[in-house]
Amino acid sequence: MSDSIREQRLQEIAELRAQGVNPYPHEFERTHTTDKILETFAYLQPEQTLESETVHCAGRVIAIRDHGKSAFFVISDYYGKIQVYIRQAGVGEEAYSFFKKHINVGDYAGIVGFPFRSKTGELTIYTQQIQLLTKTVRPLPEKWHGIKDKEVIYRQRYVDLIANDESMKRFKVRFEALKLIREFMNNRQFVEVETPMLQYILGGASARPFVTRMNAYDIDLYLRIAPELYLKRLIVGGFDRVYEINRNFRNEGVSYKHSPEFTMMECYQAYADYEDMMELTESLMSSVVKKMFGTYLLTYQGVEINFEPPWERIPMIDFINRHLQMDVDSSSDAQLLDYLKQRGQEPELTDRGHLIEALWDLVEDKVVQPVFIIDHPIEISPLAKKHRSKAGLTERFELIIYGREMANAFSELNDPVDQRERFEGQVKLRESGDEEAQMMDMDFVRALEYGMPPTGGLGIGIDRFIMFLSDAPSIRDVIAFPLVRPEMVYQEYDEEGEE
RNA sequence: GGGCCGUUAGCUCAAUCGGUAGAGCAACUGACUCUUAAUCAGUAGGUUACAGGUUCGAUUCCUGUACGGCUCACCA
C-alpha cells in the first residue's frame with residue numbers, strides 16, 4: 001500500500017495505548033527553548049559538562065543518529081534546534097529501548113537533562129528523562145532536499161513550513177514586518193480601525209467583485225474590493241488619523257503578483273495632502289527595511305533596491321515624455337491614439353486620461369528603484385482631488401518599485417458636488433459596458449455633504465512589499481494559505497469512513 | 001479564458017531508439033556508547049496523475065480529463 005508507513009504508525013499508536021502509554025500526552029513543562037539553551041550555555045568548552053543545571057526542552061525530532069547503546073538526535077522548535085545525546089547508561093534500559101522503538105523522526109519529544117559540549121564542539125543536552133509528546137502518523141519529507149513540489153508547498157503549507165527553512169523564514173519576515181508597520185502607524189497617532197468586508201455598493205477601486213448571498217435580508221452582497229469609502233466616512237465622523245490592515249477581494253486573473261484575496265493597508269490623515277502621504281510612505285517603508293536588515297539596501301531577485309529616502313518624484317506625463325521621447329502636452333488626442341496603435345495598443349476608452357494611462361503602461365517597467373509617479377489624469381482618478389495648479393490632472397501618486405505598483409494615494413476629493421459628478425461619469429462608463437467602472441454611492445456623497453476636512457489617503461499593497469522583504473518571486477510565497485483549486489480529499493475521507 | 005511545459009516509491013530524482021521501472025533519504029530487521037546528510041549488512045515499498053487509443057509489447061507515441069508551473073489578456 002502507498003500508505004504503508006502511515007499504517008505502521010497507526011498500528012504502533014494502538015499498541016502504545018494497549019501498553020498504557022499515551023501517544024498524545026496533555027502537557028510538558030518546558031524551562032528552556034532551544035535558542036535560550038544555546039545562549040545560556042554558550043561558554044561551555046568541548047567535553048565540558050554541567051550536571052548541576054537541569055533543562056526541560058521540547059520539540060520535533062528532525063534527525064536521529066543511532067550508535068547502538070547511545071544515539072544523537074536533533075530537536076527543533078520555533079526558535080531553532082539543538083542536539084540531544086541519549087545513552088542507555090543515562091536513562092536506563094527500559095527508557096532507552098522505548099526511545100529506539102517508538103521515537104521516530106517527525107515525533108515530538110520532551111527531554112529533561114543537562115548541557116554539555118561534545119568532542120566535536122556542539123552544545124548538546126545529555127538526556128536524563130525522555131517523553132514522547134506527540135506521535136506523528138505521516139512521514140516527513142526528506143531532510144536534505146526538503147519539499148519542492150509547488151502543489152504540496154501551497155496546498156499543505158504546514159508541510160512546507162516543517163520541511164523548508166526558507167519558507168518558515170519568509171513567514172517570520174512577513175509577520176515581523178506587519179508588527180513593525182503597526183508600530184510605525186501607532187507611533188504617528190493613527191488608530192487601527194475595521195470597516196465592512198461585506199458591502200452592497202462597491203467602491204474605492206476598479207475591479208470585478210466576488211458576489212455572495214445574505215439570507216436574512218435576502219440580498220446579494222459583494223466582498224469588498226477596497227475599504228476606502230468607509231475609512232473616509234470615519235474621517236467625516238471626526239477621526240483624525242485611521243488605518244486598516246486587512247484583506248481585499250478581487251475576482252480577477254491570478255498571477256505571480258495578483259492573488260484573489262490580498263492584504264492592503266489603507267490610511268487617511270486629516271489636514272494632509274498627497275505630499276504628506278509621500279513622506280509617510282517613504283518613511284514607513286524605508287524604516288521597516290532598515291529595522292529588519294540594518295540597511296536601506298535589499299536584493300530582490302538579484303537586483304539591488306535602495307529604499308533610502310527621499311525617493312524620486314516625477315509627474316506621469318514627464319516620465320512618459322522621458323522614456324518615449326515625445327511631448328504629451330503638445331500632442332493631440334488623435335496623435336496619442338496613433339502612437340498607441342503603432343505600438344499595437346488598442347485602448348477601449350479614448351478620452352485623454354485613458355490615452356495617457358495606456359502610454360504609461362508602456363513605460364511602467366522602466367522603473368526599478370522606488371519612484372513616486374505623480375499627478376494622474378482626472379479620468380482615471382475618480383476619488384482624487386483636482387490638482388491645485390494643473391488642469392486635467394489630480395493630486396495623486398503611485399509608488400512604483402521594480403515595475404510594480406506598490407502604493408496608490410491622493411489628496412482626497414472632499415467636494416461633494418465634484419464627487420457626485422465623478423460618480424456620474426463612472427456610472428455612464430459602467431452603463432456603456434465598462435465592468436470595472438465604479439458605482440454611484442449616494443451615501444458617500446451624503447457623508448461628504450456633512451463635511452470632510454482636507455485629507456490625505458494612501459493604500460499600500462502589503463503582500464507585494466513583503467515579496468521585496470523576503471525576496472519572494474511569487475505573491476503566493478508570502479501568503480500562508482493561497483487560494484488553490486479544491487482537492488479531492490473527501491474521497492479519501494469516504495474510503496476511511498467505510499473501514 | 002488563450003498558449004507552452006510538467007505529474008514515476010512517503011520525499012528528492014533516474015530509466016538509451018517503444019522491450020522485466022531503479023537509486024539516495026525515510027520505513028523495517030540486525031551491528032555499533034561523542035555523531036553532524038553518522039557508518040555498515042539486509043528487507044520491504046509502484047494501477048509510472050486519471051481515462052481511452054496505437055502496438056506483439058507503452059513511464060516512453062497519440063487523444064481527452066484533473067491538478068500544478070510559466071506566460072499573454074484583465075487587474076493592484
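In what follows, chains carry the letters A, B, and so on, assigned in the order in which the sequence lines appear, proteins first and then strands, with residues in each chain numbered from 1.
Side-chain N/O atoms of A:R485 include one lying less than 4.0 angstrom from OP1 or OP2 on B:C67. At least one side-chain nitrogen or oxygen of A:R155 sits closer than 4.0 Å to the OP1 or OP2 atom of B:G68. In this model, the phosphate group of B:C28 is approached by a side-chain N or O of A:R9 to a distance below 4.0 Å at OP1 or OP2. A sub-4.0 Å separation between OP1 or OP2 of B:A26 and a side-chain N or O of A:N104 is absent. Of the side-chain N and O atoms in A:K148, one or more sit less than 4.0 angstrom from OP1 or OP2 of B:C13.
If you take CZ of A:R208 and P of B:G1, they are 11 Å apart, rounded to a whole angstrom. At whole-Å resolution of the value, CD1 in A:I103 and P in B:A27 are 13 Å apart. A:R250 has its CZ atom 11 Å from the P atom of B:C75, to the nearest Å. Between A:R6 atom CZ and B:C28 atom P there is a gap of 17 Å when expressed in whole angstrom units. With rounding to whole Å, A:L123 atom CG is found 19 Å from B:C34 atom P. B:A27 atom P lies 16 Å from atom CG of A:L10, rounded to whole Å. Per the geometry, CD belonging to A:E7 stands 22 Å off P belonging to B:A26, to the nearest Å. Separating the NE2 atom of A:H102 from the C1' atom of B:A27 is a distance of 15 Å, rounded to the nearest angstrom.
Counting non-hydrogen atoms under 4.0 angstrom, A:F116 reaches a base of the nucleic acid. Within 4.0 Å of A:R117, counting heavy atoms only, lies no atom of the nucleic acid at all. Nucleic acid contact for A:Y85: base, since at least one base atom lies under 4.0 Å from a heavy atom of the residue. Among the heavy atoms of the strands lying under 4.0 Å from A:G253 is at least one base atom, whether or not backbone atoms are also near. Among the heavy atoms of the strands lying under 4.0 Å from A:S206 are primed sugar atoms or P, OP1, OP2 only; no base atom is included. Counting any heavy atom pair closer than 4.0 Å across all strands shown, A:G106 reaches no nucleic acid atom. The residue A:E398 sits apart from the nucleic acid: no heavy atom pair falls under 4.0 Å. Nucleic acid contact class of A:F262 (heavy atoms, under 4.0 Å, all strands): base.
A:F73 and A:Y85 have their aromatic ring centers separated by at least 6.0 angstrom. In this structure, A:Y200 has its ring center at least 6.0 angstrom away from the ring center of A:Y222.
The separation of B:C61 from B:U48, taken at their P atoms, amounts to 16 Å, rounded to a whole angstrom. Taking the C1' atoms as reference points, B:A21 lies 8 Å from B:U8, given to the whole Å. B:G24 and B:U20: their C1' atoms are spaced 23 Å apart (whole Å). For the C1' atom pair drawn from B:C75 and B:C62, the interatomic distance equals 38 Å after rounding to whole Å. Using C1' as the reference atom, B:U7 and B:U59 are 11 Å apart when rounded to the nearest Å. A gap of 29 Å separates the C1' atoms of B:G19 and B:U65, to the nearest Å. Comparing B:A23 with B:U55, their P atoms sit 34 Å apart, to the nearest whole Å.
Between A:Y126 and A:F114, the ring planes are parallel. Angles under 30° get that label, and only those over 60° would be called perpendicular. Between A:F98 and A:H102, the two ring planes are tilted [angle within 30° to 60°].
For the pair A:R396 and A:F410, the cation-pi criterion (under 6.0 Å, within 45° of the ring axis) is not fulfilled.
The base-pairing partner of B:G6, taking Watson-Crick or G-U wobble contacts with both distances under 3.5 Å, is B:C67.
Taking the charged nitrogens against the carboxylate oxygens, A:R9 and A:E12 do have a contact shorter than 4.0 Å, which makes a salt bridge. Under 4.0 Å is where a charged nitrogen must lie from a carboxylate oxygen, and between A:E244 and A:R224 at least one such pair does. A salt bridge does not link A:R117 to A:E47: none of the charged side-chain nitrogens sits closer than 4.0 Å to a carboxylate oxygen. For A:E395 and A:K385, the salt-bridge test fails: no basic side-chain N is under 4.0 Å from an acidic carboxylate O. A salt bridge links A:D463 with A:R174: the closest approach of a Lys/Arg side-chain nitrogen to an acidic carboxylate oxygen falls below 4.0 angstrom.
Side chain of A:I147, nearest nucleotide from B:C74, B:U12, B:G68: B:U12. Checking B:A27, B:U35, B:A37 against the side-chain heavy atoms of A:I5 singles out B:A27 as nearest. Nearest nucleotide to the side chain of A:H258, out of B:A76, B:A26, B:C75: B:C75. Side-chain proximity of A:E142 to the nucleotides B:U12, B:G68, B:A27 is greatest for B:U12.
Looking at which nucleotide of RNA chain B each of A:A89 and A:P260 is closest to, the 5′-most match is held by A:A89. Of the residues near RNA chain B, A:V74 and A:V105, the one whose nearest nucleotide (by heavy atom distance) lies more toward the 5' end is A:V105.
Side-chain atoms of A:Q88 and base atoms of B:U33 include no donor and acceptor less than 3.5 Å apart. On a pure distance criterion of 3.5 Å, no polar donor-acceptor pair joins the side chain of A:E151 and the base of B:U7.
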Report, one pair per line, the protein and nucleotides 38-41 of chain B atoms (nitrogen or oxygen only) whose separation is under 3.5 Å.
residue, atom, partner, partner atom, Å
B:A38, OP1, A:K143, NZ, 2.7
B:A38, OP2, A:R65, NH1, 2.7
B:A38, N7, A:D66, O, 3.2
B:A38, N6, A:D66, O, 2.5

